[in-house]
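Okay, structure first, notes after.
Here the structure is a predicted model, which is why all the values come from computation and not from measurement. As a basis for the values below, the full set of heavy atoms in this structure was taken, side chains included, without hydrogen atoms, waters or symmetry mates.
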Amino acid sequence: MAEQAVEVDLLNRDPNNLNDHVKVSFEDVLGEPEGAHSIDCVWKNSYKCFECSKGCCYKFMTFICGIPMALMLGCEFAAITFIHVWTFTPCMRMLAINCGCCQKFFGTLLQCGLAPICETCGLFFSGIVVKNS
């Protein structure tokens, strides 16, 4: 079984919107209310510093940690898959087989033992007539 090479989308790197909650812009963090404005050059340069430092720090951290983290996460998900395929799924199948056997046993026990008693009680009490006077 040959696997097909999958191309990585370099433009849309979060197609499933997994990380929408971490999209942060300058306006989400800093805001000056009316009557408390700094000098325009301070506000403009603060914006540039924020965006530049956010971008540079993120790129630096991904450069240092991105590949090792991807390797670790790949191994982690491989281990999870292995455990599910070779342990959890067979255990659940064994449980389903054993529970099916128990279900048949107790179903037969109820039908043979309890059903006749309930049917007899029903016939016995069905002859009772209540009259309101």
_Closest approach of Leu123 to Ser126 (non-hydrogen atoms, all atoms of both residues)_ = O-OG, 2.8 Å
*Is there a donor-acceptor contact under 3.5 Å from the side chain of Asp28 to the main chain of Val24?*
no
_For the student: nearest non-hydrogen atoms of Val42 and Ser46, plus distance_ = O-OG, 2.6 Å
*asked:* If you count every heavy atom of other residues, nucleotides or ligands that lies below 6.0 Å from Leu73 atom CG, does the total exceed 12?
replied: yes
*Could you state the interatomic distance from CD (Gln103) to OG1 (Thr108), rounded to the nearest 0.5 Å?*
10.0 Å
*asked:* For a quick test of reading the model, state the closest non-hydrogen atom pair linking Gly31 to Pro33 and the distance between them.
replied: O-CD, 3.8 Å
*asked:* Apply side chain to side chain contact (heavy atoms under 4.5 Å, CB included) to residues Trp43 and His37 and explain how you reach the verdict.
replied: CA-CA 8 Å; Trp43 189 249; His37 285 195; over 6 Å; no
*From Ser53 OG over to Glu51 CD, what is the distance, rounded to the nearest 0.5 angstrom?*
8.0 Å
*asked:* Starting from Phe26, can I reach Val29 by hopping between I/L/V/M/F/W/Y residues whose side chains sit under 4.5 Å apart?
replied: yes
*So, the side chain of Asp9 versus the backbone of Asn12: is there a donor-acceptor pair under 3.5 Å, distance only?*
yes
_Counting neighbours of NZ on Lys59 that are heavy atoms of other residues, nucleotides or ligands and sit closer than 6.0 Å, is the number greater than 12?_
no
_Spacing of CG belonging to Leu18 relative to CG belonging to Asp14, to within rounding of 0.5 Å_ = 5.0 Å
*Would you kindly confirm whether Ile80 and Ile83 end up in one hydrophobic cluster when ILVMFWY residues are joined by side chain heavy atoms under 4.5 Å apart?*
no
*Determine whether more than 12 heavy atoms belonging to other residues, nucleotides or ligands lie under 6.0 Å from atom CD of Glu32.*
yes
*Can you tell me how far SG of Cys56 sits from CE of Met61, rounded to the nearest 0.5 angstrom?*
11.0 Å
*Report whether Phe88 and Leu95 are members of the same hydrophobic cluster (ILVMFWY, side-chain heavy atoms less than 4.5 Å apart, transitive linking).*
no
_Distance, nearest 0.5 Å, that separates CE of Met94 from OG1 of Thr89_ = 11.0 Å
_Side-chain (Thr62) to main-chain (Tyr58) donor-acceptor, under 3.5 angstrom_ = yes
*Distance in Å, Met72 CE paired with Phe77 CZ, rounded so as to fall on 0.5 Å steps*: 9.5 Å
*Verdict with supporting geometry, Gln111 and Leu109, side chain to side chain contact (heavy atoms under 4.5 Å, CB included)*: CA-CA 6 Å; Gln111 273 186 323; Leu109 187 68; over 6 Å; no
